Amino acid sequence: MISTQDWADTRLIWDYHQMGHAPQPCSVAIGLGSHDLGVADAAVDLYRRGMAPLLVFTGATSPTTRERMPRGEAVHYRERALELGVPSSTVLVEPRARNTGENIRFCRELLQEAGVDVSSVLLISKPYEERRAYATARKLWPGVEIVSASSPMTLDEYVDSIGDARLVIDMLVGALQRLLVYPEQGFMISQQVPDDVTEAYDRLRRQGFTSRLLPDEPGQARSQTRR
């Protein structure tokens with residue numbers, strides 16, 4: 001049973017995870033691989049709106065995507081973009097990354113090797129991963145302007161798209177834990193988390209929304225996990 005308080009706490013965390021950046025033209029758009037093909041759709045929409053001349057899709061596979069995307073997340077994203085009419089010459093693929101840090105590092109290397117001058121990045125992720133992606137990119141790609149983007153969805157719409165409300169809450173809680181833990185590990189910049197958001201996070205943890213938490217205690221995480 002998901003209580004009224006649980007939903008209120010979830011909405012608070014959902015809102016915090018989104019950066020609220022207005023899309024603007026950037027040197028390149030990078031779509032971060034995941035189980036959600038909506039990231040590719042959002043990237044194509046932004047490309048069509050003239051927000052970036054080049055798309056890069058990044059991601060290998062994970063336990064949650066291996067069956068659905070056997071050729072790799074980035075490859076399936078590219079195929080989706082081509083189906084939607086994006087010219088193949090404007091899409092690059094980075095097929096090795098298995099976590100957010102590798103997404104950023106490997107894309108940076110790929111673009112350097114391709115001779116692409118990057119001063120700004122339109123970073124496209126799942127809606128609840130905007131802040132995590134932003135914080136990671138700011139740490140690993142200093143000097144480049146980062147603009148966060150995702151499919152424009154409400155929490156209710158996202159829950160409907162996934163079809164499992166409890167899983168969505170678990171994912172939001174897990175994403176927030178990483179924002180609290182990873183700065184200490186050097187994986188991302190530190191960001192202020194409002195007290196009401198941390199209180200909501202603590203309540204949801206006590207209510208058992210914990211399937212996407214790191215296995216280690218806060219402050220002892222050893223590496224960035226994908227999901």
Side-chain angles (χ1 to χ4, degrees), residues 26-44 46-47 52-84 86-126 128-144 146-150 171 174-175 178-179 181-183 185-189 212 214-215 221-227:
C26 292
S27 306
V28 62
I30 296 177
L32 302 181
S34 73
H35 64 271
D36 188 352
L37 271 176
V39 174
D41 292 345
V44 170
L46 291 162
Y47 170 81
L54 179 68
L55 300 180
V56 179
F57 294 122
T58 170
T61 59
S62 73
T64 59
T65 64
R66 191 168 294 121
E67 291 186 5
R68 185 180 180 189
M69 300 180 183
R71 293 181 299 283
E73 296 155 5
V75 172
H76 282 266
Y77 277 21
R78 180 182 185 274
E79 292 171 351
R80 176 65 171 171
L82 298 186
E83 288 174 3
L84 294 174
V86 177
S88 61
S89 60
T90 62
V91 183
L92 297 179
V93 168
E94 185 296 296
R96 298 179 296 138
R98 297 184 181 278
N99 59 55
T100 309
E102 289 184 352
N103 288 141
I104 303 303
R105 290 198 303 272
F106 294 167
C107 282
R108 184 178 181 180
E109 293 171 1
L110 176 67
L111 289 164
Q112 288 175 338
E113 291 170 0
V116 179
D117 184 22
V118 179
S119 61
S120 57
V121 171
L122 191 58
L123 194 59
I124 307 161
S125 65
K126 300 186 292 294
Y128 70 90
E129 290 280 14
E130 279 193 20
R131 189 172 291 275
R132 175 183 174 184
Y134 173 83
T136 304
R138 284 284 311 280
K139 178 70 176 183
L140 298 178
W141 210 340
V144 168
I146 305 297
V147 180
S148 292
S150 65
M171 291 190 295
R178 286 155 177 78
L179 288 173
V181 171
Y182 280 166
Q185 307 301 315
F187 295 143
M188 62 176 63
I189 64 167
R212 294 305 179 99
L214 295 166
R222 300 304 181 198
S223 64
Q224 276 203 77
T225 54
R226 179 110 195 194
R227 303 286 186 262

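When a residue number appears, it is its place in the shown sequence, counting from 1. Bear in mind that the values here come from a model prediction, so they are computed numbers and not experimental data.
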For this session: Give the C-alpha distance, both sets of side-chain angles, the deciding distance and a yes or no for side-chain contact (heavy atoms from CB on, under 4.5 Å) between Thr61 and Arg98.
Result: CA-CA 7 Å; Thr61 59; Arg98 297 184 181 278; 3.8 Å; yes
For this session: Apply side-chain contact (heavy atoms from CB on, under 4.5 Å) to the pair Glu94 and Glu102, showing each step before the final yes or no.
Result: CA-CA 10 Å; Glu94 185 296 296; Glu102 289 184 352; over 6 Å; no
Exercise. Would Leu140 and Arg108 count as a side-chain contact (heavy atoms from CB on, under 4.5 Å) if you check the C-alpha gap in whole Å, the side-chain angles of each, and the deciding distance to 0.1 Å?
Worked result: CA-CA 9 Å; Leu140 298 178; Arg108 184 178 181 180; 5.8 Å; no
For this session: Take Phe187 and Asn99 through the test side-chain contact (heavy atoms from CB on, under 4.5 Å) and record every step on the way to the result.
Result: CA-CA 11 Å; Phe187 295 143; Asn99 59 55; over 6 Å; no
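Checking side-chain atoms of Arg131 against main-chain N and O of Leu179 turns up no donor-acceptor pair under 3.5 Å. Tyr134 places no side-chain N or O within donor-acceptor distance of the main-chain N or O of Leu123, the cut-off being under 3.5 Å. The closest donor-acceptor contact from the side chain of Ser27 to the backbone of Ser120 lies under 3.5 Å. Formation of a donor-acceptor pair under 3.5 Å by the Arg96 side chain with backbone atoms of Gly59 is not found in this model. Checked by atom type and distance alone, the side chain of Thr136 never pairs as donor or acceptor with a backbone atom of Gly101 at under 3.5 Å.
Taking both residues in full, the closest heavy atoms of Ala42 and Ile124 are given as CB-CG2, 3.9 Å, listed atom of the first, atom of the second, then distance. Between Ser88 and Leu82, the closest heavy-atom pair is CA-CD2, 3.6 Å. What you find for Glu130 and Ser150 is that their closest heavy atoms are OE2-OG, 2.7 Å. Among all heavy-atom pairs drawn from Ser125 and Val39, the shortest one is C-CG2, 3.7 Å. Counting all heavy atoms, side chain and backbone alike, Ala74 lies closest to Pro95 at CB-CA, 4.5 Å. Minimum interatomic distance between Tyr47 and Pro87 (heavy atoms only, all atoms of both residues): OH-CD, 3.6 Å.
Put simply, NZ on Lys126 and NE2 on His35 are 5.5 Å apart, with the number rounded to the nearest 0.5 Å. To the nearest 0.5 Å, the span separating OG1 on Thr100 from CZ on Arg178 amounts to 9.0 Å. The distance from atom CG of Asp36 to atom OG1 of Thr65, rounded to the nearest 0.5 Å, is 12.0 Å. Between the CG atom of Leu110 and the OG1 atom of Thr58 there is a distance of 8.5 Å, given to the nearest 0.5 Å. Met188 contributes atom CE, which lies 11.0 Å from atom NZ of Lys139 (distance to the nearest 0.5 angstrom). Rounding to the nearest 0.5 Å gives a distance of 9.5 Å between CZ of Arg78 and CZ of Phe57.
In this structure, the side chains of Leu55 and Leu46 stay at 4.5 Å or more apart for every pair of heavy atoms. Between Leu37 and Tyr77, some side-chain heavy-atom pair lies under the 4.5 Å cut-off.
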